[in-house]
Each structure stands twice: as C-alpha cells, then as structure tokens.
Chemist: 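Structure in structure tokens, see below.
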Amino acid sequence: MINTDYIELKSELTSQARIVITAHKSPDGDAVGSSLGLYHMLRFAGIRDVRVVLPDSVPQYLDWMPGSNEIITHENNAVEAERFLSEADVIFCLDYSALSRSGALKKTIQASKATIVNIDHHQEPEDFANYAIVDTQASSTAELVYDFLQRLDLGVELPPSAGTCLYTGIVTDTGSFKYSSTRPRTLEIAARLMDSGVKPAEIYDKSFDNNKLSKLKLQGYVLSEKLEIWSDYNTAVINLTKDELDKFDYEKGDTEGLVNYGLSVSGIVLSVFIKQSDEGYFKMSFRSKGKVNVNTIARSYFEGGGHINAAGGRSNLPLEETLRKLKNILPLYEKELHGAF
Ligand SMILES: [Mn+2]
C-alpha cells in the first residue's frame, strides 16, 4: 500500500529512529549522491542513527564525496550491512524501481519490518514500498530527494555537505544538464543548491577531471579500434571483452560514459555499449535520442530496463550471438531510428 502522507512519514523520522539508506548495485553519481545527500541532511537534523548501506563499492571517481568513507557495503562487510538493514525502523530505497536492483541487499530488505520509502525516477516502478516518491519525469533521484526534504521540512537548512552530494547526483545523471530529462525544476534546484554554498566548478573538477591515465588510454583504444557504426540503423556499438579490459588495468567505473561517445557521432540516435563481466556474461548500456525508446528494448530483449533514453541490460549469449541478436531487433525500431525527432 503506497502512502504519500509526509506528516505521517515525518513522525517516523524521530531522533531515535534507526535509518538505513540504500541505492542500486554498481552505484553511479546519482545513487551515491542522493544517498549521501539524504544522509547528511538527516544527520544535520539531529537523527543520530543513519547509515548508508550499498550492495557494492563506490567507484573511484566518486570517492571524494563527503561521507563516502562512511558507507557500508555488502561487498566488503556483509554481516554489518545485513545487521543494520534488519534492525532498521526506516529503509530508504533510492534510485531503483525494482528490489532486484538492490542486489545482495534484496533478501534482507524483503524480510525487514521497517517502513520502506522508495524515491526514484526510473520507468515502470514496482510496488514494494510503504511510501513511494516516484516521478519518472525527474532528471535524477537527487532532484527528488531535494524536493522531498523541502516538503518534509525538518526545520534546518540543507548543509553544504548535503548540497554537494545532491548537486553531484544531478550533474552526473543529466550529463552536466544536457540530457532531455533536464527540466526547469532541475535548474531551479541547482540554483538553490548554489545559494546554499555548493561549488559547481569544484564538483565538476573532482567528478570528471580526475581520471587515471589507464582509463583515458582505454577510452582512446575504444575510440580508435572498437567504435562501430551500423549506418543502416543510425546506431553505434562498442564491445569490450574481459581480456581487453584487463589489458588496460580496468577498475570499476573506468568505462563509465563510454556509451555516450557513440551517441556523439553525427546522425547516431542509438548507442549500445557491451562489456563482459567478471562472470563472463555481457552487460549492456543503451543510450538514445528522441523517440528511440531503449527502456523497451532493454526490457523486452535484454533482461533490463531504465529510462526512455538511457537503460541497462544483460546478455548471457556469447558476444557474436549478442551482436547478432541486437542486429536482428533493430529493424523492429526502424521508424524511430530514422525519425527520432
Ligand atoms: Mn538516477
């Protein structure tokens, strides 16, 4: 049963409440930013027992964020992660629309008696929460967390630590305010966050101009050797095997954003990035422009989903078969691929 009564929810957020904030596996800037933003604000408002518990580690390009060293991950500390979740009074589920996206946390969240609050902007949300603050038009979960905190009115101003984290969530999920999900409210919130002391240039520098050399060299390799254009379908495809990743000392986060290069080629409206996982299957990222709906493609054919213009999925087939499957699907979307706008 979904409840949107903020007063009732506020009454559960007492200074004694045990609160756990979770986000999706392979956390991105919005997952970490919205979690830590909420974390700093609740702490600042006098709630002592607040933890951020994630399924796996924060990628290196985000580990500068205030509070990131206080995050508990199931990957590194399963016992603590599960204990905090099972003892919690309130569990926030941020930036995911299905419990399966919480990875190793799923079972404990399901078994918990806590009040579940889902704040999210992904398409086709599942009904698993007591409170669902869901807006699929929002640029980011961080944007929704900002508005949620305004409405909740905890009696204190947002501290700069919280503002910095929320701004990072917005700036990373909007591609620095360039994706079509950027709406007037997004920019209004960014402006309010600047008023509260957030420094955008510093955030940009720490998040984006902070690359390892091996990551840049991997990008160079992808651009010169691996970016394929399927011009019949205005589609760009990049694939990377585990062997290739190993050659460039791959660490989590190193391929972040590669999919966007495909979309930056003139005339391309669909970009697909296929990367072999440690376990051997292929992870897929989809980005598109205009009417090309990658949420549908990922959901119908690749066990995933997401947003209209950004989605993720997977394939258990070998690489060649995965590519063939993709190539066979594209004719079904011919109209959109040739008339995205
Ligand atoms: Mn997000």
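When a ligand or atom number is given, it counts from 1 through the structure's own listing order. Heavy-atom basis, side chains included; hydrogens, waters and symmetry copies ignored. The chain is numbered in sequence order, starting from 1.
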Chemist: Hey, does Leu240 have a side-chain heavy atom less than 4.5 Å from the side chain of Lys226?
Modeler: yes
Chemist: Considering residues at least two apart in sequence or located in another chain, which fulfil the side-chain hydrogen bond (donor to acceptor under 3.5 Å, both in side chains) criterion with Tyr281?
Modeler: none
Chemist: For the pair Lys215 and Asp249, find out whether any cationic side-chain nitrogen is under 4.0 Å from an anionic carboxylate oxygen.
Modeler: no
Chemist: For Ser277 and Lys283, which I'm curious about, is there any donor-acceptor pair between the side chains at under 3.5 Å?
Modeler: no
Chemist: Restricting to under 2.8 Å, identify the protein N, O or S atoms around the Mn ion (ligand 1) as residue plus atom.
Modeler: Asp30 OD2, Asp95 OD1, His121 NE2, Asp173 OD2
Chemist: Is the closest basic N to carboxylate O distance between Lys252 and Asp254 below 4.0 Å?
Modeler: no
Chemist: Any side-chain donor paired with an acceptor under 3.5 Å for Glu244 and Tyr250?
Modeler: no
